[in-house]
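Down below is the structure, laid out as structure tokens.
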Amino acid sequence: MNDKQTLRQGWLARLEERLFAASMPRVVQGIRHEASVDYREMVRDLDTPMAPAFEREVARTLNRGGELDLIPAETLMPEMMQRFDLDRDDFGPEEAVHFGELQTVCNRCPVVGRCWKAMRGGERWETCRGFCPNAEAFEHKSLEAAG
């Protein structure tokens, strides 16, 4: 293969990659509407393999109001709590109201797509504390549970 052919193949590969990425909004919306049950299952299973462009578009969709696709307090909050070495049992019955408030904050999270990607990517608590609106409460509870 000569230099011209190599250059052309590289250019075509980059073009194909750009076209693939540019089609993602339509692809995600199509799957979301035509196969909504499968889409929701895929989004709620944080271990589902996804192409990076598809994953980025799902995160954007979640940030724009994907509350029908994902209930953050059910899928993301338990994962986030694990980052802080917590689970539901660390909150006693006397803390039911407080725990409910944490769930409400989680369900109204303005960066749910970022959280979703972080939980999928296995980000540690140090990263999550920079964007999670419940991070301070989780840190406090984690220290309380440890001591």
Side-chain angles (χ1 to χ4, degrees), residues 1-91 95-142 145:
M1 192 176 317
N2 65 35
D3 289 342
K4 205 175 206 179
Q5 287 173 321
T6 302
L7 185 63
R8 187 177 317 135
Q9 282 185 334
W11 181 83
L12 286 172
R14 286 189 302 280
L15 178 62
E16 189 175 284
E17 189 176 304
R18 286 186 191 142
L19 289 172
F20 178 71
S23 70
M24 276 307 114
R26 191 168 42 225
V27 168
V28 168
Q29 291 310 312
I31 293 171
R32 205 172 161 224
H33 295 291
E34 299 298 323
S36 59
V37 172
D38 293 330
Y39 178 79
R40 281 193 302 272
E41 287 177 11
M42 197 170 47
V43 169
R44 292 173 184 179
D45 177 0
L46 298 175
D47 296 321
T48 298
M50 293 181 188
F54 186 83
E55 183 183 51
R56 277 191 305 275
E57 188 57 34
V58 169
R60 282 190 208 118
T61 300
L62 290 171
N63 279 338
R64 289 191 306 261
E67 54 276 328
L68 297 177
D69 305 319
L70 177 76
I71 300 168
E74 290 178 8
T75 302
L76 302 175
M77 190 167 147
E79 291 291 323
M80 183 65 77
M81 288 171 54
Q82 285 180 3
R83 303 306 193 270
F84 291 87
D85 292 323
L86 293 171
D87 64 30
R88 177 63 180 103
D89 294 338
D90 289 317
F91 292 84
E95 297 174 294
V97 170
H98 177 60
F99 191 79
E101 290 167 350
L102 294 173
Q103 289 177 310
T104 299
V105 168
C106 186
N107 283 332
R108 294 181 180 160
C109 182
V111 292
V112 69
R114 182 175 181 186
C115 180
W116 177 79
K117 279 187 71 176
M119 297 303 97
R120 284 178 51 79
E123 293 290 343
R124 296 174 43 89
W125 71 271
E126 295 92 348
T127 300
C128 297
R129 71 192 296 227
F131 64 83
C132 178
N134 280 329
E136 188 176 325
F138 291 154
E139 282 183 284
H140 183 274
K141 185 62 179 174
S142 183

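Everything numeric in this text was worked out from a predicted model, so none of it was measured.
A salt bridge links R60 with E57; the closest basic N to acidic carboxylate O contact falls under 4.0 Å. Under 4.0 Å is where a charged nitrogen must lie from a carboxylate oxygen, and between K141 and D90 no such pair does.
In terms of heavy atoms, Y39 sits closest to V28 at OH-CG1, 3.6 Å. In terms of heavy atoms, F84 sits closest to S142 at O-OG, 2.8 Å. The nearest pair of heavy atoms linking V27 to F54 is CG1-CE1, 4.1 Å. The two residues F138 and C132 make their nearest non-hydrogen contact at CE1-SG, 4.3 Å.
Residue pairs meeting the salt bridge (charged side-chain N to carboxylate O under 4.0 Å, His left out) criterion with at least one partner in residues 70-86, sequence neighbours excluded, are E79-R83. For the salt bridge (charged side-chain N to carboxylate O under 4.0 Å, His left out) condition, no pair includes a residue of residues 97-115, sequence neighbours left out.
In E34, the CD atom is not crowded: 12 or fewer heavy atoms of neighbouring residues, nucleotides or ligands sit closer than 6.0 Å.
Residues satisfying the side chain to side chain donor-acceptor pair (under 3.5 Å) test with T127, not counting sequence neighbours, are E123. Every side-chain contact (heavy atoms from CB on, under 4.5 Å) that N63 has, sequence neighbours left out, goes to V112. Residues passing the side-chain contact (heavy atoms from CB on, under 4.5 Å) test with P78: none are found, sequence neighbours excluded. Remark: R88 pairs with no residue by the side chain to side chain donor-acceptor pair (under 3.5 Å) rule, at least two apart or across chains.
For the pair D87/Q82, no side-chain contact is recorded, criterion being any heavy-atom separation below 4.5 Å from C-beta on.
In terms of modelled atom types and a separation under 3.5 Å, the side chain of R44 and the main chain of D69 share a donor-acceptor contact. Of the possible donor and acceptor atoms, one in the side chain of R120 sits under 3.5 Å from a partner among the backbone N and O of T48. W116 places a side-chain N or O within 3.5 Å of a backbone atom of V43 that can act as its donor or acceptor partner.
Counting only N and O atoms by type, the side chains of Q29 and R26 include no donor and acceptor under 3.5 Å apart.
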